[in-house]
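Handing you this structure, nothing more for now.
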Amino acid sequence: QAVLVESGGGLVQAGGSLRLSCSASGHASRDYAKCWFRQSPGQEREFVATISASAGEQYYADSVKGRFTISRDNAKNMLYLQMSTLKPDDTAVYYCAARPWDWASTSPYEYDYWGQGTQVTVSS
């Protein structure tokens, strides 16, 4: 079992930076692959970045590659998303998710646990 809680969202100007955090409860979640997704109004949930349980694998959506960095601290049971050079198109609710497998996945259907989301708004 894992309970996920995101934080760190907010309003930022284009070109700015934000760092999202996701705290996870439950010892087993340290062994789970984790992911960030985002969803804008009227849009489907979109893959952003994923990281394996050991942090040995990381994958990014093309739209954020080179601007976002996913990382995790298993000792603290935390997941992070460092977002830089933000664009108005990055505006969305950002969700963290976890799956009880070591390897990462980009599909939202393969994640069993979800946080409640945190709003990121990028103004132009």
- Transitively linked via ILVMFWY side-chain contacts under 4.5 Å: Y32 with I51?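 No; tracing contacts between hydrophobic side chains, which count when under 4.5 Å, never links both residues.
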- Message: Just verifying a value: how many Å separate S54 OG and W103 CH2, rounded to the nearest 0.5 Å?
- Response: 12.0 Å
- Task: Check the hydrophobic clustering (I, L, V, M, F, W, Y; side-chain heavy atoms under 4.5 Å; chains of links allowed) and say if V12 and V48 are grouped together.
- Result: yes
- Message: What's the separation between atom OG in S25 and atom CG in N77, rounded to the nearest 0.5 Å?
- Response: 7.5 Å
- Query: Is it true that a side-chain atom of D31 and a backbone atom of A53 form a donor plus acceptor pair closer than 3.5 Å?
  - Reply: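 Pair absent, no side-chain N/O of D31 close to backbone of A53.
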- Message: Please tell me whether C22 and C96 are bridged, where bridged means their SG atoms are separated by under 2.5 Å.
- Response: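 The answer is yes, since C22 and C96 bring their SG atoms under 2.5 Å apart.
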- Message: Under 4.5 Å between side-chain heavy atoms, counting indirect links through other Ile/Leu/Val/Met/Phe/Trp/Tyr residues: same cluster for W114 and F47 or not?
- Response: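 Per the 4.5 Å side-chain linkage, W114 and F47 are co-clustered.
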- Message: For T50 and Y111: C-alpha separation, side-chain torsions, deciding distance, then whether side-chain contact (heavy atoms from CB on, under 4.5 Å) applies.
- Response: CA-CA 11 Å; T50 186; Y111 286 85; 2.9 Å; yes
- Kindly write out the residues that satisfy salt bridge (Lys or Arg N to Asp or Glu O under 4.0 Å) with E46, not counting sequence neighbours, or none if the list is empty. R38
- Query: Heavy atoms, side chains only, cut-off 4.5 Å: are K34 and S29 in contact?
  - Reply: yes
- Query: Got a sec, which pairs hit salt bridge (Lys or Arg N to Asp or Glu O under 4.0 Å) with one end in residues 60-75, sequence neighbours left out?
  - Reply: D62-K65, R67-D90
- Going hydrophobic residue to hydrophobic residue with side-chain gaps under 4.5 angstrom, can you get from V120 over to Y80?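 No, because V120 and Y80 fall into different hydrophobic clusters, even though each may have its own neighbours under 4.5 Å.
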- Message: More than 12 heavy atoms of other residues, nucleotides or ligands under 6.0 Å from CD of E44: yes or no?
- Response: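 Not more than 12 within 6.0 Å, no.
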- Query: So which heavy atom on A49 is nearest to which on L81, and how close?
  - Reply: CB-CD1, 4.3 Å
- Report the residues that fulfil side chain to side chain contact (heavy atoms under 4.5 Å, CB included) with Q82, sequence neighbours left out, ordered by chain and then residue number. S17, R19, T69, S84
- Message: Quick one, T91 with Q119, criterion side-chain contact (heavy atoms from CB on, under 4.5 Å). Give me CA distance, side-chain angles, the key distance, then yes/no.
- Response: CA-CA 8 Å; T91 295; Q119 176 71 47; 4.0 Å; yes
- Task: Please check if L20 and I70 belong to a single hydrophobic cluster, counting links between Ile, Leu, Val, Met, Phe, Trp and Tyr side chain heavy atoms closer than 4.5 Å.
- Result: yes
- Task: Could you tell me whether the side chain of F68 reaches within less than 4.5 Å of the side chain of L18, counting heavy atoms only?
- Result: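 No, their side chains stay 4.5 Å or more apart.
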- Query: Closest heavy-atom contact between E57 and A104?
  - Reply: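 Answer, listing the atom of E57 first, then A104: OE1-N, 4.1 Å.
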- Query: Short question: side chain of R30, backbone of N74 - any donor-acceptor pair under 3.5 Å?
  - Reply: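 Between the backbone of N74 and the side chain of R30 there is a qualifying donor-acceptor contact (under 3.5 Å).
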- Message: Do Y94 and E6 have side chains that approach each other closer than 4.5 Å (heavy atoms only, starting at C-beta)?
- Response: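 Y94 vs E6: side chains apart.
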- Query: Are M83 and W36 close enough that some pair of their side-chain heavy atoms sits under 4.5 Å apart?
  - Reply: no
